[in-house]
Structures are given as C-alpha cells and as structure tokens.
Amino acid sequence: MTGLWLMKSEPHVYAYADLVADGRTHWDGVRNYQARNMMRDQMKEGDLVLYYHSNTKPPHVAGVAKVVREGYPDHTALDSTSKYFDPKATADNPRWSMVDLEPVVECPTAVSLETIKSDPLFEGMPLIRRGQRLSIQPVEDVHFRRVLMLAGLDADDVMGA
DNA sequence: GCCAACGTTGGC
DNA sequence: GCCAACGTTGGC
C-alpha cells in the first residue's frame, strides 16, 4: 500500500519547477514535531506526494513527487550557518528528520485551493480545515485520485492501477 | 504543570 | 498588511 501525502512549499522559496530542475531534493528545514514524526516514522520509499504551493496566489497543488529516501537526520540542524540551525541538536541526537523527494509529474492544470474547497468530495480533508498549518499531511486515496483528475492526470497511470 | 507571551504559518 | 490558529518557550 503506497502512502499518500501532501507537502507544502512556498514557490518563491522552492517551487515544483525547482524540484524538476534539481531532479531530487532533501526536504530539510522542517521544524515541527508532527511533521517530523511523519517523515521519520511513516513515509516510505515509493510513497507519493502532492506538491502544494502555499503563500502564493492562488495556493495550489503544482505536481506530484515521490519519496526516494526514507527519514534520516536533517543535517541543517547541526549547521550553525544554516537558517535551520537548531542549537539543541547534536550529532547523537539530531532532533530533526527529512526525506528525499523526486518529481513524478507536473500538473497539466494546477489545482487551486479554491477548487478543492468547492468540491464536496474533499470534505474532511485536513488541507481545507480552518487553521490547519501542518506542512506535511496524510492524504486519503479518494482525495489523492480526485486531485490528479482535476489536474488533468490519469490517477491509475500516476499511482499504478 | 500552568499559562502568558511570543513566533510562525498561511489564507485572505 | 492583517490576523486567526496554533506551537513553543520560559517564568513561576
């Protein structure tokens, strides 16, 4: 069973196009325990990710990515020159985790938050819950497939029938 | 362990 | 730029 996730990124910081250009990235800088725990304990190689652009107009799902390396220490926590430096992190206890991602496919049509909110099928999805700030969220199969459909993608192609 | 102050996220 | 909703910090 493939795990399904949504991960937020501000496109002016690191957009889906940047992931495509880089071919692969470390998802570093997450400093929230809930999000860390999901990366450290639950995300598995091959899991699929909706790549969500936050803090932009309009906010939207831009593409699909996949997990290519499971949770391991986020070394930026130990780097005093990094903006993600955490003085409480040590080599023995790095505190924070990250995963590696690769792009799968860009959405032919970006799926806006408004589109998701206006579709009753998405009722109950954490993304549209008021005050939901978590930058990594689990996504239900039915929601994942619907986003792909709205993006103009074939869910069976992307997810494997 | 409580809780006020503060910082961050992220839609609007 | 505003502000609601949280999460974190630190004094007590």
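A note on names: the letters A, B, ... follow the listed sequences, proteins ahead of strands, and every chain is numbered from 1. Values below: all heavy atoms of this structure, side chains included; hydrogens, waters and symmetry mates excluded.
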Rounded distance (Å) that lies between atom P of B/dG11 and atom NZ of A/Lys8 = 6 Å
Counting any heavy atom closer than 4.0 Å, what does A/Glu10 reach on the DNA or RNA strands: base, sugar-phosphate only, or nothing?
-> nothing
Between B/dC12 and A/Lys117, is there an OP1 or OP2 to side-chain N/O distance shorter than 4.0 Å?
-> yes
Test of ring centre spacing under 6.0 Å for A/Tyr72 and A/Trp96 = no
Which distance, rounded to the nearest 0.5 Å, do you find between the NZ of A/Lys83 and the OG1 of A/Thr76?
-> 10.0 Å
Pairs where residues 34-43 of chain A contributes a residue and the test salt bridge (Lys or Arg N to Asp or Glu O under 4.0 Å) is met, not counting sequence neighbours = none
Return the value, rounded to whole Å, for the distance between atom CZ of A/Arg31 and atom P of B/dC6.
-> 25 Å
A/Asp100 and side chain to side chain donor-acceptor pair (under 3.5 Å): which partner among A/Lys66, A/Arg24, A/Arg69?
-> A/Arg24
Taking only the side-chain nitrogens and oxygens of A/Arg130, find out if one of them lies under 4.0 Å from OP1 or OP2 of C/dA5.
-> yes
Calculate the interatomic distance between A/Arg95 atom CZ and C/dT9 atom C1'; express it in whole Å.
-> 11 Å
Reckon A/Gln34 has a side-chain N or O less than 4.0 Å from the OP1 or OP2 of C/dG7?
-> yes
Separation of atom NE2 in A/His12 from atom P in B/dT9, rounded to whole Å = 11 Å
Interatomic distance, A/Arg133 CZ vs B/dG7 P [rounded to whole Å] = 14 Å
Over how many whole Å does the gap from A/Asp86 atom CG to B/dT8 atom P extend?
-> 14 Å
Starting at CG of A/Leu134 and ending at P of B/dT8, how long is that distance when rounded to a whole Å?
-> 17 Å
So does A/Tyr33 get a side-chain nitrogen or oxygen closer than 4.0 Å to the phosphate oxygens (OP1/OP2) of C/dC6?
-> no
Integer-rounded Å distance: B/dG7 C1' and A/Asn32 CG | 13 Å
Taking for each residue the nucleotide of DNA chain C with the nearest heavy atom, is it A/Gln132 or A/Asn55 whose nucleotide lies nearer the 5' end?
-> A/Asn55
Under 3.5 Å side-chain donor-acceptor pair for A/Thr90 and A/Asp92 | no
